[in-house]
Amino acid sequence: MKLATWNVNSIRAREALVLAWVRRHEPDVLCLQETKVVDDDFPAEPFQRLGYTVAAAGQRTYNGVAILSRRPLRDPVVGLVGARPTEDKRLLAATVDGVRVLCAYVPNGKSTESPSFRDKLAWLGRLRETLDASCRPEADVAVVGDFNVAFDERDVWDPERFRGQLFFTDEERAALGRVLEFGLFDAYRHHHAERAFTWWDYRGAGFERDLGMRIDHVLLSASALARCRSATIDVEARRGERPSDHAPVVVELE
DNA sequence: ATGGTTGATGCTCAA
């Protein structure tokens, strides 16, 4: 199974780009974040014509997640455990070929002084509670998406500059660590030790100067990791005309 | 250098 995750920063602005990427890479499962569209307006038809089933959990303007699958997609569940209907659309789970896939868009946090920073930490805590309530760590589980948190010094372009800054505080890293303590592993790091990024700021020519961070992750349970043959970041997708500010992360499970 | 760019919306906010 080829499983990919990509924060597309508006599926409507990126429809043609995502379609071309799907044709080229033919993922079995593609998890999208920041779709920024209500479900009725999600451009599902062109993907359905390519053989994909589309499950979307979106809202107007902000947030929004989706799972596209060319294998049968079962038991879709929207939101964190105990979520209210009015909550941001940031989580969508579904089972594909026996793998429970959770597509997550973790709150950005705005700044370490912002109330939304506390919301970000709480959201990560509730993601762990959702895993505890709905999954077993012995099963094949993949928690993927934009976590807006970097793990370590190799995941930020200037660790000294960013230590204690948003995306790289001890609190965020600890909250992400508690998600992994459910029984998950960083698939990219399992295969690659060197510095790598998945997001580059549009501002200040971040991509051209390779001033990025690795904040998009594929977290796999032990049994899923044992099946993981490769993990790659498709940096090419960040080039070209009107790209998302994030690159896709792709894993292959045998 | 507290800058800069993009998207959705609507005359700004979020990222």
Side-chain angles (χ1 to χ4, degrees), chain A residues 5-21 31-44 46 56-66 79 86-92 103-124 127 144-151 155-169 171-173 175-176 197-217 233-249:
Chain A
T5 179
W6 195 4
N7 178 324
V8 290
N9 186 12
S10 169
I11 186 59
R12 286 180 292 181
R14 226 68 68 193
E15 179 182 336
L17 187 72
V18 177
L19 263 175
W21 191 88
C31 295
L32 303 176
Q33 300 88 38
E34 277 207 271
T35 53
K36 297 185 176 180
V37 67
V38 295
D39 297 349
D40 286 346
D41 292 337
F42 190 101
Q59 64 187 83
R60 194 179 102 119
T61 308
Y62 307 118
N63 313 313
V65 286
T86 53
E87 275 189 37
D88 288 352
K89 295 293 187 282
R90 293 181 177 275
L91 186 70
L92 176 61
C103 173
Y105 175 48
V106 177
N108 172 288
K110 289 191 176 74
S111 78
T112 55
E113 286 75 36
S114 164
S116 94
F117 183 73
R118 313 312 307 180
D119 294 342
K120 177 182 193 173
L121 299 176
W123 199 95
L124 284 164
L127 178 59
V144 311
D146 177 2
F147 288 79
N148 277 314
V149 182
F151 281 104
D155 301 328
V156 295
W157 64 268
D158 186 342
E160 295 316 310
R161 176 194 179 111
F162 285 105
R163 197 173 304 283
Q165 302 296 309
L166 192 69
F167 306 149
F168 201 48
T169 64
E171 287 169 292
E172 290 164 282
R173 295 160 72 192
L176 181 56
F197 308 137
T198 64
W199 169 83
W200 299 259
D201 204 319
Y202 286 126
R203 297 167 290 189
F207 183 70
E208 290 73 11
R209 300 160 65 198
D210 200 27
L211 310 183
M213 293 192 180
R214 193 173 70 92
I215 56 177
D216 300 87
H217 305 300
I233 300 167
D234 183 23
V235 177
E236 285 305 309
R238 182 61 176 79
R239 303 185 202 282
E241 292 293 306
R242 293 184 71 208
S244 168
D245 44 353
H246 295 252
V249 184

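In what follows, chains carry the letters A, B, and so on, assigned in the order in which the sequence lines appear, proteins first and then strands, with residues in each chain numbered from 1.
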Euclidean distance, atom [atom1] of residue [X] to atom [atom2] of [N] [Å, nearest integer]:
X	N	atom1	atom2	answer
A:F167	B:dA14	CZ	P	14 Å
A:L211	B:dA1	CG	C1'	14 Å
A:R12	B:dT9	CZ	C1'	10 Å
A:E34	B:dA15	CD	C1'	6 Å
A:N148	B:dA15	CG	P	8 Å
A:K36	B:dT9	NZ	C1'	11 Å
A:W199	B:dG4	CH2	P	16 Å
A:Q33	B:dA15	CD	P	14 Å

Please state the [atom1] separation for the pair [N] and [M] - nearest whole angstrom.
N	M	atom1	value
B:dT9	B:dA15	P	15 Å
B:dA1	B:dC11	C1'	28 Å
B:dG3	B:dC13	P	15 Å
B:dT12	B:dT2	P	23 Å

For A:D201 and for A:R209, locate the closest nucleotide of DNA chain B by heavy-atom distance; then report the residue assigned to the nucleotide nearer the 5' terminus.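 In this pair, the answer is A:R209.
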Pick the nucleotide of DNA chain B nearest each of A:D146 and A:A205; which residue has the one closer to the 5' end?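 It is A:A205 whose nearest nucleotide is closer to the 5' end.
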Indicate yes or no: at least one non-hydrogen side-chain atom of [X] is less than 4.5 angstrom from one of [Y].
X	Y	value
A:R161	A:V156	no
A:W123	A:L91	yes
A:V8	A:H246	no
A:W6	A:D216	no

When all nucleic acid strands are considered with a 4.0 Å heavy-atom cut-off, which category describes A:R14: base, sugar-phosphate, or nothing?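 Touches sugar-phosphate only.
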Side-chain N or O of A:R60 less than 4.0 angstrom from OP1 or OP2 on B:dG10? yes
On a heavy-atom basis, which atom in A:N7 and which in A:S244 lie closest, and how many Å separate them? O-OG, 2.6 Å
Separation between CG of A:L124 and CG of A:D119, rounded to the nearest 0.5 Å: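 Between A:L124 CG and A:D119 CG, I get 11.0 Å after rounding to 0.5 Å.
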Stretch residues 105-114 of chain A: residues that reach within less than 4.0 Å of DNA chain B through a heavy atom: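 Here the set is A:Y105, A:N108, A:K110.
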Can a donor-acceptor pair be found between the side chains of A:W21 and A:D234 at a distance below 3.5 Å?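 Side-chain D/A pair, A:W21 to A:D234: present.
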Side chain of A:Y202 - closest among B:dG4, B:dT6, B:dT9: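 Closest nucleotide among those given: B:dT6.
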